[in-house]
Protein chains: 2
Amino acid sequence: MSIKIQKIAIIGMGKVAKNLAVAFQKVGLTVQIYVRNLSPEYILFANQSALSIQHLADIDSNADLYLICVSDAGIAQVGQQLLHLNLPKQCIIAHTAGGQNIEKLSKIIDNYGVFYPLQTFSEGRMVDFNQLAFCINASNPSTIDSLCELAHQISNPENVHIINEEQRAKLHVAAVFVNNFSNYLFALAQQFCQAESVDFNLLLPLMRETVDKIHANPQNISCLQTGAALRGDYTTIAKHSELLEKYPNWLQVYQLLTEQILAFYQK
Amino acid sequence: MSIKIQKIAIIGMGKVAKNLAVAFQKVGLTVQIYVRNLSPEYILFANQSALSIQHLADIDSNADLYLICVSDAGIAQVGQQLLHLNLPKQCIIAHTAGGQNIEKLSKIIDNYGVFYPLQTFSEGRMVDFNQLAFCINASNPSTIDSLCELAHQISNPENVHIINEEQRAKLHVAAVFVNNFSNYLFALAQQFCQAESVDFNLLLPLMRETVDKIHANPQNISCLQTGAALRGDYTTIAKHSELLEKYPNWLQVYQLLTEQILAFYQK
C-alpha cells in the first residue's frame with residue numbers, strides 16, 4: 001500500500017527547491033529545508049516559508065519523503081549522507097533531476113524515485129505548477145503512487161505522468177532543443193541587434209507569436225515553418241550570409257540550420 | 001504635405017494581404033484586392049471582406065496607396081505592371097517585404113516605400129496588429145508620414161517605427177533566428193519525440209515559459225540560459241549525444257550549439 005506523503009524534507013536550496021517548498025506549503029504539507037550554506041537571501045526565504053536546518057543530522061527522521069534538489073553531480077553524495085542517518089525503512093527518497101537515473105539512489109533505501117517538474121526555473125520567478133508536466137518514476141508501484149498523489153496536490157492531474165527512465169532521458173534531450181537552444185538563438189539575435197545598433201525589442205512580438213501558433217496547432221510544427229530557407233530563396237540567403245560575415249559563429253549557425261531546412265523541404 | 005491614405009489597392013492574396021485587407025476594412029478604409037488566380041477559398045474571402053478584381057487593368061486608378069503583397073521575387077514585376085497603368089503622380093506604391101529594398105520601386109513613381117509588419121503570418125490565423133512592430137520607410141518624408149499614419153490606424157502608435165533600409169535588412173536577419181530557426185528546433189524536437197515514442201506535448205509548457213521569461217526580462221537573454229552546456233556538464237552532454245547518434249543531422253545541430261554555448265560561457 002502506498003504511503004500518503006505529508007512531511008517532506010527538501011535537501012537543497014536552488015530554484016527547484018524554493019519553488020517546490022512554496023507549493024508544498026501552500027497546500028498544507030509540512031516542509032523542512034536543509035541547506036549547507038546560509039546566505040542572507042536564503043535566511044529571508046526560509047524564515048518566510050519553511051523550517052530550515054543547517055546540519056543534515058538535524059533532519060526530521062520521520063519525514064515521508066526526502067527530496068534531493070541539488071545539482072546533478074551532488075545527488076549521489078547526498079544519497080550517501082542520507083544513508084548514514086538510518087532513516088526509517090518505509091520512507092521515500094527521490095530526486096528532481098530530469099537527466100539523472102533513479103538507480104543512483106538504489107543502494108540507499110527500498111523506495112526511491114524521481115519527481116521531475118519539466119520546466120525551466122529562473123531566479124526571482126515563481127513557476128506555475130499547473131502549467132508544466134510532472135514526470136514521475138520510482139522503484140516500485142506503491143512509491144510511484146505516492147509521488148503521483150503528491151504531484152496531484154500541487155498540479156492538475158492531467159499534468160502528472162509516469163515516465164520510465166529511458167523516456168525521461170529522451171524528453172531531457174528534446175527539452176534541450178526546445179529551451180536551451182532556442183534561448184541561445186534568441187540571445188544570439190539580441191547580441192547581433194546590439195552589435196548592429198538595431199532595436200531588438202521590435203522582435204519580441206514575433207518571438208511570442210512563434211510559440212503561440214505552435215500552441216494553437218501543435219500537431220505538426222514542420223508545417224508552420226516560414227522563411228527564405230523554406231522557400232528556397234537563395235538570393236535572400238546570400239544577403240543574410242553577407243550581413244553575418246563579421247560574426248563567424250553566428251554565420252555557422254545560420255548556414256547549418258539553413259542547409260537542414262533547405263534539405264528537409266527539398267528546395 | 002503628406003496625403004491621408006483612404007483608398008487602398010492591394011496586389012496579392014497571400015497571408016499578409018488577407019490580414020491587412022481585413023484590418024484596413026475594420027477601420028473604415030476602402031480596400032480593393034487584385035488577385036491573379038481565383039481559388040474557391042479566395043472568392044469566399046473576397047466576397048466577405050473586400051472588393052476584388054481579376055484583371056490588373058481594372059484596378060482603381062484613384063487609390064491613394066498601391067500595396068504590393070506578393071512574393072519577394074514578384075515585387076519588381078508587379079511594379080512594372082503598375083508603371084504601364086499610368087497611375088496618378090501623387091499616389092504611393094509600397095511593398096510589405098522586410099527583406100526587400102524599397103529602391104526596387106524607385107523607377108515607377110516618386111512616392112514609394114515599405115509597410116512591413118514584422119510578424120510571422122500563418123494560414124487560417126489572423127494576426128493581431130496591436131501586437132507587432134510596423135517598420136516603415138519611404139522615398140521622402142511626406143510618404144513616410146502617410147504610411148506611418150496608416151499604420152497608426154490599425155496598430156498602437158508605439159508599435160510604428162521608421163526604420164531605414166540597412167536597419168530593416170538586419171532586423172530581417174535577426175527575425176530568421178528568432179522565428180525560422182527556433183521553429184526548426186521545435187519541429188526537430190517534435191520529430192525526435194515521435195521517432196522515439198515520447199509524448200512531445202509534455203514540452204509545450206516549457207516552450208511557453210522559455211518565451212514568457214524573456215518577455216518578463218528582455219534586457220539580457222544570455223543571463224536566462226540554463227542547461228548542461230551552460231553548466232559545462234560534459235557527462236550529460238555525452239549522454240545526450242549518444243541518444244542522438246541515430247540522427248546525424250540533429251546531432252550536428254546539438255554539437256554546434258553546445259560548443260558555442262560552452263565557449264560563450266567559457267566552460
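Keep in mind that the numbers below use all heavy atoms, side chains included, and drop hydrogens, waters and symmetry copies. To find a chain, count down the sequence lines: A is the first, B the second, and so on, and within it residues start at 1.
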Interchain contact, A:Gln219 with chain B, by part (heavy-atom threshold 4.5 Å): backbone

B:Ser122: side chain to side chain donor-acceptor pair (under 3.5 Å) partners, not counting sequence neighbours: A:Lys213

Closest approach of B:Ala138 to B:Ile102 (non-hydrogen atoms, all atoms of both residues): C-CD1, 3.8 Å

Top contributor to chain A contacts, counting heavy-atom pairs under 4.5 Å, from B:Ala175, B:Pro205, B:Gly99: B:Pro205

Over 12 non-hydrogen atoms of neighbours within 6.0 angstrom of CD in B:Gln194: yes

Intermediate values then yes/no, side chain to side chain donor-acceptor pair (under 3.5 Å), A:Glu165 and A:Asn137: CA-CA 7 Å; A:Glu165 295 310 282; A:Asn137 196 24; 2.6 Å; yes

Per-residue contact mode, A:His161 against chain B (heavy atom under 4.5 angstrom): side chain

Portion of A:Asp233 that has a non-hydrogen atom of chain B nearer than 4.5 angstrom: side chain

Which portion of A:Ala228 sits near chain B, non-hydrogen atoms under 4.5 angstrom: backbone

Contacting moiety of A:Tyr184, where chain B heavy atoms sit under 4.5 Å: both

Residue, of B:Thr258, B:Leu132, B:Val253, that accumulates the most heavy atom pairs under 4.5 Å with chain A: B:Val253

Crowding at CD, B:Glu166 (>12 non-hydrogen neighbours, <6.0 Å): no

Option that, when pairs with chain A are counted at under 4.5 Å, heavy atom only, ranks first among B:Glu259, B:His215, B:Gln191: B:His215

